[in-house]
Amino acid sequence: MSGSVQVVQKLQEQHQLQQHHQLQQHHQLQQHHQLQQHHQLQQHHHQQQRRYESSYHLSTKSSVSKQSFSTYKTSSHRVKTSVKTEKVQQELKLSPLPKRAKRTYLAMDKDKEVIGYVIPVFRANHDVVRGLMEAQEEDVTEEGINYVAMRNLFVREAREALDVKVEKKTRTKYVRESAERLEVNRTWAEFRKKMNPDNLTHRPEFIVKPRGQTVWEGKTVKLHCTVAGWPKPKIAWYKNNVLIDAKAHPEKYTVESNYNMHSLEIKNCDFFDTAQYHISALNVKGESSCVATIVVKSRGKGNFNSCVCVCVCVFGYMCVHLAMPDAEVEVEGVPVAPLDVRCHDANKDYVVVTWKQPAVEGSSAILGYYIDRCEVGTHHWAQCNDNPVKYARFPVTGLVEGRSYIFRVRAVNSAGVSRPSRVSEPVVAMDPSDRARLRAGPSAPWTGMIKFTEEEPTVGVVPGEPSDVMVTEATKSYVVLAWKPPVQRGHEGVMYYIEKCMSGTDTWQRVNTAMPVKSPRFALFDLAEGKSYSFRVRCCNSAGVGEPSVSTGEITVADKLDLPSAPGNPVATRNTDTSVVVSWGASKGVTQLVGYYIDCSVVGTDVWMPCNNKPVKQTRFVCHGLTTGVNYVFRIKAVNAAGYSQSSPNSDAVVVKAAISVPGKPTGVTLLEAVKDYMVLGWTEPANNGGADIRGYFVDYRTVKGNIVGKWHEMNLKALTTTTFKAENLKENVFYEFQVRAVNMAGVSKGSVPSAPLECKEWTITVPGAPVGLHVLEVRDTSVVVLWEPPLFDGRSPVNGYYLDIKEASAGEEGWKAVHEKTNKMKYMKVTGLKAGTSYVFRVRAQNIAGVGKPSATLGPILAQTRPGTKDIYVDVDDDGVISMVFECSEMKEGSEFVWSKNYQAITDTSRLTITHERGKSRAIFNSPSLDDLGTFSCVVTNTDGISSSYTLTEEGLKRLLDISHDHKFPVIPFKNEMAMELLEKGRVRFWTQVEKCTSACQVDYVFNDVIITQGKKYTMNFDKSTGIIEMFMDSLEVTDEGTFTFNLVDGKAKGTTSLVLIGDEFRELQKKSEFARAEWVRKQGPHFVEYLDFTVTPQCDVLLKCKISKKDAGIYEVFLSDDRGKDKSTFNLTDAGKLFRVIGDEIQVTSTEHGIILYSMVTHYNEDLRVGWLHKDAKIAASERVKSGVTGEQLWLKINEPTEKDKGKYTMDIFDGKDGVKRVFDLTGKAWEQAFEEFQRLKYVNKLIRLDPYRARVVGGLPDVVAIQEGKSLNLTGNVWGDPAPEVSWTKNEKALVSDEHLMLKFEHGKFASITITAVTTSDSGKYALLVKNKYGAEAGEFTVSVYNPEDEEKEEKKD
C-alpha cells in the first residue's frame, strides 16, 4: 500500500507541471471563469443558508454547505471508484454523499394538513475507514451529522489523492477545478475550527422544566421554566406546534424572560386553551425543547382531551408520532392511562420498560398491565405480553438490532382496558458501547493521514465463558439475568445461550434453543412460581459454543418487592378559595417508592376524586381546583412498582376557603351613658370575623367644633374584650366622635363608621338607658329569638323589666308595635307568628320604677327564613336508658364550636350535664334527670352564620322521657299473641305464640312445669325469627303432660315470658279430642264414609238408606242386612265416578284489582276433563293479553285487564263434562259495572302512588309464574323482597293464609329472602300461591301457580285414549 502512495505522488508532480504550462497560456480566460464560478459559489452558499437545518446540524452548517459545492453533482446511489497504477490495482467502495434535495419545512398528511415539523435525516456508514482497507461493502447504519461531515471530507481527499487520470483538459475546465480546490481548502479550515469549539459553549439545557396543569375555565395559568446554555439561547413558545405571538395577542398571552427564567402566562382560560405547549431553546450549539400539557376543565363537566403532534430526532432518525394526553376513560369503571413510560437498559434485542401507576384505578382494583411496542416509522402496535403483569416494570425481548422502537402501556381491571399511555421516547436496539461512541462524536479532527495496522487473525476462535452472571430482577412473572461478555471473543461478535436447572436436579435445560440472544441481558418467563432455579450462560460464534459460566445459585421465583405500607394520617389546612394544603406521614419501610396519590371526597358522599395526576414523592401537596365553601376530606395512597398501598385514614373535614383575614368593621357606635368627664360607648360586633374569633377592640376619638374635626387618637392601648367602653378624661361640654376597630389573630380591621358628634355632659334623666348587645338566634320561617344585654345606666332605680318592639323593615316609624303587653323579666324573648320571607327590625326598651327608657339601637333587618339544612335539637334515649339532647351541624368551619346554654345563659352547674362533641354533632347528656333540669336548652355554633337551635324541657316531657328510659333499661319483648293451643290432624297439639319484633340473636327456652325441654321424639320446636312465630308440636297428649307450658325469650337485654296452663277437666277434654282426631285420621286413610249410613222415609212410606263418601273413595261397596230371621247382601259398583259426581257451580261474582275486573265462580268436583267456555253477549270470547280465562283450584275466572265501555254486557260461563253441562250468567251493566269500574280506577291510582314510593315493600324477583312438579318431590322457592323498613312477609294459598308446619316450612331471612318449602308434595298442594309483603309505605303480592302431577295417572289416561 505504501508503494502505491509513492507512485501516486510522482504522477501528481508530472500532472502539476503540465497544468502550470496550460495555465500560462490561458491566464485571462482563467480569471474570467474564476470570477464567474466565485459568483455561483456565493449564490449556492446563500441558498444553503436559507434552508431549514436540524438542531444538531447547525453546529456544522457552514462547513457542510460549502462542501456541497464540490459534491453537488455526485450521484445519490452507491458508486465504485477504480484507481489503476503500474504496480497496484485497488478498488474502493465508497458510501454515497448526501444529495441536497429541496427541503420542506412542514410535514403534511394525506389531506395536506400540517401535522408537524420535518427535521432532515442523514445516513452514513460509520466504518468507512475499515471499508477503505478491506475493500468490502458494509451495511449502512445511522450516524451523527458531525461524523458524516468529517467522513465526507477525508474520503474526498483520499479520492483526490488516489484518483490519478491522465487526460487532456481545457483551460475552462482547469480554471473551474482550481476554484473548487481553493474553496475546499477554506472549507477544511473552517471545519477544523468547528471540530474544536470553545469549551464554554454548550447547547441549551432545561434546568427546570415547565409543569403541566389542570385549571378551571376563566382562570389564569402560568408556565415557568429555567434554561441554561451558551451562547444565550433564543426562546420560542408553541401551542400544538403553532408559534405563539404574544405581541399580537397581549390580551391572551404574556411572555417574560428574565436572565435564564422564562414564563408564559395564559389569561382567561377556556376550552380552546387545552393543548400541549412546547418551548424551544436554540443557540449555535443546538436546540432543546420541552412540552407541558394544559387541561382546562368546565365546572360540572369532564376533561377535554387534546391531540398533539410531536417531532423527535434520535440518532439521525426523525419520527413523527401522535401523543395523547392523559384523558378521561371512555368506558365507565376502567382505569385511566398509566403515566411516564420510560425505557432503560436498552441493548441489541432487549429493553426494560417502566411506568407509573395511574391515579384512578376505576371501579375495581387494577389487575395488571399490557405493554405495546411500535417500530418507529410504522403505525403497527404489537402487544408484548399475553397475560397482564402486576409490576410497573417489564423486560421486552425479541427486538431487531439497529431499529428504533416506542412503547406504551395499558391498565386493565374487571371493567375493561384503559386507554394507552403516552408513548415513550424512541429507543434504538443497539449495543450500549456503540451508543456511547455515537453520542460522543469524533474524538479529534481529521489530520490528513490514514494509518493501517495488521492484527492477528481471529477466525476460528471459540469464545470464552461469560462472567458475573447475576439475577437483576426476580418476580413471580419473570426473572432477568445479566452478565459481562467474555474477554476472549474475537472481532466477529458473540451471541449467548441461557440454561436453567431446577432445584433438586442435575439436568440443565437450554432456554433459547431456537435463537441465541445478542444482548448480555435476558428475561425468562413461564417459570413455576415458588420453585427455585439456577442459571448459567454460554457464548457462541461461528467457531462453536463456549464453556458455561459459573451458576448463579438457586433463585426462588417470587415477588421480592412488597406493597408499601399505608401513609400516616393526613392533615388538611386551608390555603386559598380553591385549594387546600394536605400533609401526611411517610409510609414506613417502603422500598422503591414511586410517590403518593391524594384523593378528595365531599363530606356526605362516597365519591373519591384524584387530586394529582402523577405521584408526588413529597409528603405535602397543594390540592387545586376545589369548590369554594364545600367541605372535603382527604386520603393518601402510596405506590411503588408492586402496586398501591392501603389508603390512609381520612383526614378531618375542612371547608375550602381562604385562610383567616382581618375582621369586618364594627357597627352601631352609640352613647350609653354620659357624665361630666366620661362617656360610656357601645357598639355591635362585626358580622364577619375573618375566619377567627374576635380578640378585642380598639376605640379612637376626635374632637368636633362646628364643621371642623380633629385628628383621630387612640383611647386604649390594650384590646377591649367587651362591646362597651368607658371613655374617661374627657372635657365637659365638648363634642366628640368615636370609631371602633376589631382585632383577631390576622390583624386589625378598618375603623367603623364614626358616631354622631356626642356632647360630654352629665345626664339628669331618671329612667334607664337603652339596652345593648341586641342579636338574634334560631331564625326560622315563623319565629326568631331576640336576646339583649341590660343598659349600662339603670337610672334612679334598678331595671325591673323590658319591652320588645317589632316592625316590618319596609314600614315607617308608625309601624312599630309591642310584641307583648306585660313586662318581660328575662333578657330574651321568642317572637312567633312571623311571615315567612318577610324582613323585620327589632328594638328593646328597659323599665324601672321611674318609667320606660329610650329604645335601643334597632336590630335588623332580619329575614324570617329557615336556612336550608337547618336541624333542630332532638332528644335521644339510648339502649342503656341514657337521656341526651343532640344537635347536628353540617356547616362546621375551622374554629367552630358548640356552645350550650340554659335559658340563654352560660351553664355554670356542670354536674347536671355532660357535653361531648364528635364531628359535626354535639350531645348534652343528663347525668341524673330531675325537675331541676326543666327549662330551655339552646346550642349555638360559633364562627357560622348564626346556626342555633333550642329545646324546652317541660315536666310532662320529662316524665315521658323517664318512662322511655325505664323501658330501655329493662326492656320487655312485646307479644302479638299470648301462647295459644290448637288441635291439628292426626291428633297433634300445637302450642304457639308470636312476638311483635325480635332480632336474630333472640333465644327461646321451652319449659314444662319449670323444667326446660328440648327437641326430640315427643317435642318438635320451631322459631321463625322473620315472622316472630314460636311453635312447639306434640304428637299426642299423655297423662304426664298435664301442667304449665312456658316460652321464655331473651333478646339481648330484653326478656319476655308467655305461659299456658292445661290442668283438670280442660286437659282431659283436650286429651280426648286429640285421641279422637288421631283415630279419625287413621280411619280416613282408607275408604271411608264422609257421612255415616242413615235413613229417610219417603212420601210413599219407603225407607231410603243413604250415606256420603268422597270422590276419591270410588269403588265397589257392599251393604249387609241381618236379623233373627236371616241376612242379605247388596253390592254396588261405584267405579264409574262420572255417573255419580256432577259439577256444581256457584253464581258468578265480580271483583276489581289495580289491573282490571275479574269474574269468577267457585265449583265443586272440578276435573281437567271439563270444558269451560266464556261468552260475552252470547259470543265466544277469544283469549288475548287483555282478556284471559283460567282455573285456580276450584275457582273458574275471567280477567279483563284495563276494561272499557265495550266490556259492558252479559257474560255467560258454560261448563260441559261430555254428557251434561252447567251455565251461569252475570249481567255486567248498570250499577254492577259502575261499582266494579270505579273500584278498579281507585285501586289503580292508589297502586301507582304506592309504586312511586321508593321505600315501599315489594317483591323484586325470584318467583316463577307456574311450577309443575311430580307428586312426592319436594318444592323450594325463594322470593327476593325489598322495603325500608323491612317488610312483613306472609304466604297464602287460594287466598287463605298459610302457617308453617312439618309439611310446609316458611322462612324469612336477612330481611330480604322469603322462602317456602313443601316436603313430599301431593295433588292437594296444587293451587294458586302468593307471597305478600307489606310495610308502612305499601304492600305487594308475588303470585304463582303450583301444579302437582302423578306420572302413573297420566300413563293410565294415555292407555285409555
Side-chain angles (χ1 to χ4, degrees), residues 572 574 600-607 627-635 649-657 689 691 693 775-785 787 828 830 836 863-907 910 912-927 929 933 935-954 957-958 960-961 964-965 968 1255 1284-1285:
R574 292 176 182 169
C600 66
S601 175
V602 177
V603 173
T605 68
D606 196 24
V607 178
T627 304
T628 305
V630 176
N631 216 8
Y632 286 89
V633 293
F634 298 85
R635 68 183 184 187
N650 294 348
S651 70
D652 292 334
V654 61
V655 178
V656 179
K657 60 177 294 185
N689 61 3
D693 291 336
H775 61 283
V776 294
L777 294 176
E778 305 169 33
V779 180
R780 303 293 187 265
D781 287 340
T782 59
S783 64
V784 66
V785 176
L787 301 94
Y828 65 89
K830 184 172 185 179
L863 179 63
Q865 185 178 45
T866 304
R867 287 169 51 93
T870 298
K871 297 182 179 180
D872 290 325
I873 296 176
Y874 65 90
V875 178
D876 176 60
V877 182
D878 63 13
D879 293 338
D880 295 326
V882 176
I883 303 173
S884 60
M885 296 177 293
V886 182
F887 184 47
E888 299 178 1
C889 176
S890 60
E891 301 181 20
M892 297 286 289
K893 301 179 181 179
E894 187 175 353
S896 296
E897 295 180 354
F898 291 95
V899 177
W900 287 86
S901 61
K902 182 178 181 182
N903 297 329
Y904 298 99
Q905 294 181 355
I907 298 177
T910 57
R912 307 299 306 171
L913 288 176
T914 299
I915 299 175
T916 61
H917 309 293
E918 179 184 3
R919 285 195 176 184
K921 179 188 292 187
S922 180
R923 184 183 297 271
I925 304 171
F926 289 99
N927 296 331
D933 294 314
T936 299
F937 293 87
S938 62
C939 184
V940 178
V941 182
T942 62
N943 201 18
T944 61
D945 190 13
I947 296 178
S948 57
S949 182
S950 63
Y951 176 80
T952 302
L953 182 62
T954 63
L958 178 61
R960 180 178 58 84
L961 291 174
I964 297 174
S965 175
H968 285 200
Y1255 302 105
D1284 187 10

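The chain is numbered in sequence order, starting from 1.
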Please report the C-alpha distance between V603 and V633 in whole Å, then the side-chain angles of each, then the deciding distance to 0.1 Å, and finally whether the side chain to side chain contact (heavy atoms under 4.5 Å, CB included) criterion is met. CA-CA 6 Å; V603 173; V633 293; 3.9 Å; yes
Sole residue of Y951, F926, Y874 in ring-ring contact (aromatic ring centres under 6.0 Å, His included) with F937: F926
So, taking the atom named CG in L961 and the one named CG in D876, what distance separates them when rounded to the nearest 0.5 Å? 10.0 Å
NE2 (H775) and CG (L787) are apart, to the nearest 0.5 Å, by 4.5 Å
Please report the closest heavy-atom contact between S922 and I915, naming both atoms and the distance. OG-CG2, 3.9 Å
Please tell me if the side chains of K921 and V886 come closer than 4.5 Å, counting only heavy atoms from C-beta onward. yes
Would you say the side chain of E888 lies within less than 4.5 Å of the side chain of S949, judging by non-hydrogen atoms? no
Locate the shortest heavy-atom distance separating D933 from L953; write the atom from each residue and the value. O-CD2, 3.5 Å
Salt bridge (charged side-chain N to carboxylate O under 4.0 Å, His left out), that's the test. Do R923 and D878 meet it? Break it down for me. CA-CA 12 Å; R923 184 183 297 271; D878 63 13; over 6 Å; no
OG on S601 to CG on N631, rounded to 0.5 Å: 10.5 Å
Please examine the side chains of I907 and R912, heavy atoms only from C-beta on, and report whether any two atoms are closer than 4.5 Å. no
How long is the gap from CD1 on I883 to CG on L958, to the nearest 0.5 Å? 6.5 Å
Closest heavy-atom pair and its distance - D781, A864: O-CB, 3.6 Å
Would you say R960 and V875 make side-chain contact, with heavy atoms under 4.5 Å? no
Testing the basics here: between T605 and V602, what is the closest heavy-atom pair and its distance to 0.1 Å? OG1-O, 2.7 Å
dist L913:CG -> K902:NZ (nearest 0.5 Å) comes out at 8.0 Å
Can you find a pair of side-chain heavy atoms, one from I873 and one from C939, that are under 4.5 Å apart? yes
Would you indicate whether the side-chain heavy atoms of V784 and E778 approach each other to under 4.5 Å? no
Please find the pair of heavy atoms, one from S965 and one from V877, that lie closest to each other, and give the distance. CA-CG1, 3.8 Å
Closest heavy-atom pair, N903 versus Y828, reported as atoms and distance to 0.1 Å, is O-CE2, 3.3 Å
Using ring pair (Phe, Tyr, Trp, His ring centres under 6.0 Å) as the criterion, list what pairs up with H917, not counting sequence neighbours. F898
Within this structure, what is the OG-OH distance for the pair S651 and Y632, rounded to the nearest 0.5 Å? 12.5 Å
If we ignore hydrogens and angles and just use 3.5 Å, is the side chain of T870 paired with the main-chain N or O of R867 as donor and acceptor? yes
